[in-house]
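Keep in mind it's a predicted model, so treat the numbers as computed, not measured. All chains are named by letter (A, B, ...) in the order of the sequence lines, taking the proteins before the strands, and each is independently numbered beginning at 1. Quick note: numbers below take in every heavy atom, side chains included, and nothing from hydrogens, waters or symmetry partners.
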Number of protein chains: 2
Amino acid sequence: MEKPQTRIQQRNQAAILSAGLNIFSQYGFRGSTLDQIAEAAGLSKPNLLYYFPSKEAVHSALLARLLDTWLDPLKALDATGDPITEIMGYAQRKLALSRDYPRESRLFANEVLQGAPHIAEVLATDLKNLVDEKAKIIRAWSEAGKVADVDPHHLIFSIWAMTQHYADFDVQVRAVLGDREPYDGAAVFLDAMYRRLLQP
Amino acid sequence: MEKPQTRIQQRNQAAILSAGLNIFSQYGFRGSTLDQIAEAAGLSKPNLLYYFPSKEAVHSALLARLLDTWLDPLKALDATGDPITEIMGYAQRKLALSRDYPRESRLFANEVLQGAPHIAEVLATDLKNLVDEKAKIIRAWSEAGKVADVDPHHLIFSIWAMTQHYADFDVQVRAVLGDREPYDGAAVFLDAMYRRLLQP
DNA sequence: CGTTGGTTTGACCAGTTGGTCAAATCAAGA
DNA sequence: TCTTGATTTGACCAACTGGTCAAACCAACG
């Protein structure tokens, strides 16, 4: 079923997705135009539409690719590992994701902010299932006295909130910090915060 | 200098701002149309433009009004109060703001996400000054051994992140929680989190 | 070299959008 | 009641937007 892609197809599709990520993450879906994306990709608009059938298609392709990357760090949380190490490792992985992929973070934020019209389904099924599963692990840990007794769902929300904040509100964070690097202090703060919170 | 406003002006300007808040917070600036806002306000588009000279003007008016409300809870942090009570009070006030004014929170999030084109100036001056001032108070508290030694700036970021997350990512939070109310658990979690973090 | 199928583009289109304007309508004080 | 200034609107416009299409172009293989 998979058509073998020519080199030109690979190059252009990659260029379009890269350009789309830049533009969509900066201006949101409706705020971005095909002309902008095409120009950023070094193509004409009709040429872009030769590779993707519509603006929505580019956006959807980006979101689909993003969701995997986004959930991976949580999937890696291991029930057999050391509880506090596992949870704090997750927080640090998620923070690294914000640092290294801020455009992806903002693309996701834009989507959810506007009511998640394209991914509401995935959030309510895949994401919910994954979180429920990991929440059960954390709950077991706290019942075994290995981590403090906190609501696992809100614990996970807090990790999302604190890490994505540095990507999504980057301009605000930098405006307030002046010329200090945000992520160094963030990593230290997160470490202290969750170490104290989780200590049973 | 202030022209005395007629009752009709007051009513219509209020209707436009209310409608603008609804639409802008849901679709972002470029995703919102004057027709949408006018219809939501119960006016025709030319009539709306009789009260505000442009789409931008409506948006700016909303942002200006919002900024005060948004900074008030932090302004209320009192150097002479009990340190832990003051900081936790701030977090709870900010959480209440997210619960009671989610549209304002999303309007602000949309703006900052897109690089804060309209309020970058305010962030780098008024906001930075306010945060620096309060950070100094917190630093003094931790040097006096009254709260734990954490970076005050990142502490404030964490409060912003965790509280606004519940408004800005509302759909995601609700998708994961199912039919449980987010804000009850959030208040409990925040209380536990900051109590443990701040304990010297 | 010629053919074939993938690639690129200029011209175009219909719908939408922010904004204008002259004319009509309305409210309230003299 | 009449007048004046505030309010409202239908018609309109230019710019932009997502998307189409036929024709041109090009790469590669026989």
### Query
With sugar-phosphate meaning primed atoms plus P, OP1 and OP2, does Leu34(B) contact a base, only sugar-phosphate, or nothing at under 4.0 Å between heavy atoms?
sugar-phosphate
### Summary
When rounded to whole Å, the OH to P distance for the pair Tyr27(A) and dG18(D) reads 14 Å
### Query
Does the side chain of Ser44(A) get closer than 4.0 angstrom to OP1 or OP2 of dT8(C) through an N or O atom?
no
#### Entry: Rounded interatomic separation in angstrom, taking CZ from Phe52(B) and P from dT7(D)
13 Å
### Polar pair under 3.5 Å, donor/acceptor by atom type, side chain Lys55(A), base dG19(D)
no
### Task
Let me know the distance between CD of Glu39(A) and P of dG18(D), rounded to the nearest Å.
14 Å
### Message
Could you tell me how far apart Arg11(B) (CZ) and dT7(D) (C1') are, to the nearest whole angstrom?
### Response
10 Å
### Query
Rounded to whole angstrom units, what separation is found between the NZ atom of Lys45(B) and the C1' atom of dA11(D)?
12 Å
### Query
Quick one: is dT17(C) close enough that its OP1 or OP2 comes under 4.0 Å of any side-chain N or O from Arg30(A)?
yes
### Query
Are side-chain N/O atoms of Asn47(B) and Ser44(B) paired as donor and acceptor at under 3.5 Å?
no
#### Entry: Proximal nucleotide (of dT17(C), dG18(D), dC21(D)) relative to the Thr33(B) side chain
dT17(C)
### Earlier contact from the 5' end, DNA chain C, for Ile8(B) and Ser54(B)
Ser54(B)
### Query
Between atom CG in Asp35(A) and atom C1' in dG10(C), what is the gap in whole Å?
13 Å
### Earlier contact from the 5' end, DNA chain C, for Arg7(B) and Glu56(B)
Glu56(B)
### Message
Can you confirm whether Gln199(A) sits close enough to Ile84(A) that some side-chain heavy atom of one is under 4.5 Å from a side-chain heavy atom of the other?
### Response
yes
### Message
Looking at Asn47(A), I'd like to know whether one of its side-chain N or O atoms comes within less than 4.0 Å of OP1 or OP2 on dT9(C).
### Response
yes
### Gap between atoms CD and C1', on Gln13(B) and dA6(D) respectively (whole Å)
13 Å
### Phe189(B) and His153(A) aromatic centres sub-6.0 Å
no
### Task
Check every atom of dT17(C), dT8(D), dG6(C) against the side chain of Tyr50(B) and return the nucleotide holding the closest atom.
dT8(D)
### Task
Look at all strands and tell whether Tyr51(A) reaches a base, only sugar-phosphate, or nothing, counting heavy atoms closer than 4.0 Å.
sugar-phosphate
### Any Asn12(A) side-chain N or O less than 4.0 Å from OP1/OP2 of dT8(C)
yes
### Task
Go through the side-chain N and O atoms of Thr80(A) and Asp78(A) and say whether any donor and acceptor fall under 3.5 Å apart.
yes
### Message
Looking only at the side chains, is there a donor atom on one of Ser105(B) and Tyr166(B) sitting less than 3.5 Å from an acceptor on the other?
### Response
no
### Query
Is the distance from OP1 or OP2 of dT7(D) to the nearest side-chain N or O of Gln9(B) less than 4.0 Å?
yes
### Query
dA27(D) C1' sits how many Å from Gln10(A) CD, rounded?
17 Å
